[in-house]
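Contents: one structure, followed by commentary.
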Amino acid sequence: MTTTDMPRKVDADSVRSVSKKGPRSGRSGGLRSAVPATTLLWVLAALYSVPVLWFVLSSFKPAGDLFSLPLTLFPDNPTVSGYKAAWDSANFSQYFINTTIVCVIATILTVGVSCCTGYALAKYDNKWLKAFFVGILATTMLPGEVMLAPLFLVVRDLGLYNSLAGIILPALLTATGCFMFRQFFLTVPDELIEAARIDGARELSIFLRIMVPISRPIMLTLAILSFQWRWNDYIWPLLMLNDPEKFTVQIGIQSLVGAQNINWSVLLGGSVISMIPLIIVFLVFQKYVMNADINAGLKD
């Protein structure tokens, strides 16, 4: 063996030193580039959180301190009298039950119908399906108030007026849900479906055993959005319901507003109470959405 075949110690040491210094410089550069973005996000979070914090803290103020000058963020004499008065003056327990029934049933049906519709629009080539999709998207270009009158007439003629079913039925098919599932299923390779068909799988089996499991991130995202939409819905339940025993939470909060004056302490307390279920739902399900792999089950 000649001397040229022997590895030189100096070269090996230099390689090790370069390999050690390279990742450090890369990490430091990535850290420096991430600092401005992180700072901007914290500033935006602070700007968005100030009104919410003011709203929540104001609910613990007595009615006389809400408009006293100078305005203060933190209550001088914290009290929960507004919460007690709101809970006692409105039948919140029944409102929560009614709203939960509407939200749960409407969310399950919305996710199921949107998933089926999005899969058909993405994976079946038919001119009528394309026209149907254009019609669905066209509904997003109209103000919601324009569609209230025809929706009311249809639901009334079906005999669903003054019932929770009348609130649930128009919420089954949403343009947002169909668009979300269609765009997701378009990213699924057609070869995956063709391979399942070659193996003898039926269309329903392909949809239930392959497409539904891999679309779980979209399903959870739409479920959270749909639950929020139905929980915060005010105009449609107000038109459909006239029985106080069937009122939803938002109509119950509106009943706290007097004809001559508004007790802001009671109104703020009732509004915070209505927010609690939404916060719980988001905290429970956000990890499934954030940690979910959109491309789960797909291989190149």
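All residue numbers refer to positions in the sequence shown, counting from 1. Note that this is a predicted model, so its numbers are computed, not measured.
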Determine, stepwise, if the pair Ile206 / Tyr119 fulfils side chain to side chain contact (heavy atoms under 4.5 Å, CB included).
CA-CA 11 Å; Ile206 294 174; Tyr119 175 70; 4.0 Å; yes
What do you reckon, is CZ of Phe55 surrounded by more than 12 foreign heavy atoms closer than 6.0 Å?
yes
Criterion side chain to side chain contact (heavy atoms under 4.5 Å, CB included) on Tyr95 and Ser274, from CA distance to verdict
CA-CA 10 Å; Tyr95 298 158; Ser274 69; over 6 Å; no
In Å, rounded to the nearest 0.5 Å, how long is the span from CZ of Arg230 to CG of Leu225?
10.5 Å
Does Thr117 use its side chain to pair, donor to acceptor, with the backbone of Val113 at less than 3.5 Å?
yes
Is any side-chain heavy atom of Trp231 closer than 4.5 Å to a side-chain heavy atom of Val281?
no
On a heavy-atom basis, the closest approach of Lys61 and Ser265 is O-OG, 3.5 Å
Between Ser59 and Gly269, what is the shortest heavy-atom contact and its length?
CB-N, 4.2 Å
With a 4.5 Å cut-off on side-chain heavy atoms, are Phe133 and Leu129 touching?
no
Under 6.0 Å between ring centres: does that hold for Phe60 and Phe74?
no
Given side chain to side chain contact (heavy atoms under 4.5 Å, CB included), test Phe185 with Cys115 step by step and report yes or no.
CA-CA 9 Å; Phe185 286 129; Cys115 185; 4.0 Å; yes
Would you confirm whether Thr110, through its side chain, and Thr174, through its main-chain N or O, come within 3.5 Å as a donor-acceptor pair?
no
Any non-hydrogen side-chain atom of Asn232 less than 4.5 Å from a side-chain atom of Gln250?
yes
Could you walk me through whether Val212 and Met219 satisfy the side chain to side chain contact (heavy atoms under 4.5 Å, CB included) test, starting with their C-alpha distance in whole Å, then the side-chain angles of each, then the deciding distance to 0.1 Å, before giving a yes or no?
CA-CA 9 Å; Val212 171; Met219 297 175 69; 4.1 Å; yes
Do Ile214 and Met211 come close enough that some side-chain heavy atom pair is under 4.5 Å?
yes
Between atom CG of Leu151 and atom CG of Leu239, what is the distance when rounded to the nearest 0.5 Å?
10.0 Å
Contact between Ser58 and Trp264 at the side-chain level, heavy atoms closer than 4.5 Å - yes or no?
no
Quick check against the 3.5 Å criterion: does Ser205 have a side-chain atom that pairs as donor or acceptor with the backbone of Arg202?
no
List the atom of Arg182, the atom of Ala122, and the distance in Å for their closest heavy-atom pair.
O-CB, 3.7 Å
Single-linkage hydrophobic cluster, 4.5 Å side-chain cutoff, Leu204 and Leu121 together:
yes
Spell out, yes or no, whether Ile276 and Ile253 are grouped together once hydrophobic residues are joined by side-chain heavy atoms under 4.5 Å, including indirect joins.
yes
Show the nearest heavy-atom pair for residues Phe181 and Gly118, with the distance to one decimal.
CB-CA, 3.9 Å
Euclidean distance, Trp236 CH2 relative to Met147 CE, rounded to 0.5 Å
10.0 Å
Between atom SG of Cys103 and atom CD of Gln228, what is the distance when rounded to the nearest 0.5 Å?
10.5 Å
Test of understanding: clusters of I, L, V, M, F, W, Y form through side-chain heavy atoms closer than 4.5 Å, transitively. Do Ile101 and Ile280 belong to the same one?
yes
Thr99 side chain vs Val249 backbone, donor-acceptor pair below 3.5 Å
yes
How close do Asp243 and Phe247 get, counting heavy atoms only, and between which atoms?
O-CD2, 3.3 Å
Do Thr248 and Ile251 have side chains that get closer than 4.5 Å, going by heavy atoms?
yes
Please check if the side chain of Asp199 supplies one atom and the backbone of Ala201 the other of a donor-acceptor pair under 3.5 Å.
no
Can you tell me how far CG of Asn162 sits from CD of Glu245, rounded to the nearest 0.5 angstrom?
11.5 Å
For a quick check under 3.5 Å, do Ser93 and Asn91 share a side-chain donor-acceptor pair by atom type?
yes
Between the CE atom in Met180 and the OG1 atom in Thr221, the distance rounded to the nearest 0.5 Å is 5.5 Å
Hey, does the side chain of Trp229 reach the backbone of Thr107 with a donor-acceptor pair shorter than 3.5 angstrom?
no
So does Ile136 get a backbone contact from the side chain of Thr139, meaning a donor-acceptor N/O pair under 3.5 Å?
yes
Leu238-Leu164 co-clustered via ILVMFWY side chain contacts under 4.5 Å
yes
Verify the neighbour count for atom OH of Tyr161: are there more than 12 heavy atoms of other residues, nucleotides or ligands below 6.0 Å?
yes
Verify, without hydrogens or angle tests, whether Lys246 (side chain) and Leu241 (backbone) share a donor-acceptor contact under 3.5 angstrom.
no
Using the rule that two of Ile, Leu, Val, Met, Phe, Trp, Tyr join whenever any of their side-chain heavy atoms come within less than 4.5 Å, decide whether Trp42 and Val50 are in one cluster.
no
Considering all heavy atoms of both residues, which atom of Phe132 and which atom of Leu173 are nearest to each other, and what is their separation?
CZ-CD2, 4.2 Å
Side chains of Phe152 and Leu148: closer than 4.5 Å at any heavy-atom pair?
no
Do Leu278 and Phe227 come close enough that some side-chain heavy atom pair is under 4.5 Å?
yes
Is it the case that over 12 heavy atoms from other parts of the model lie below 6.0 angstrom from the CZ atom of Arg197?
yes
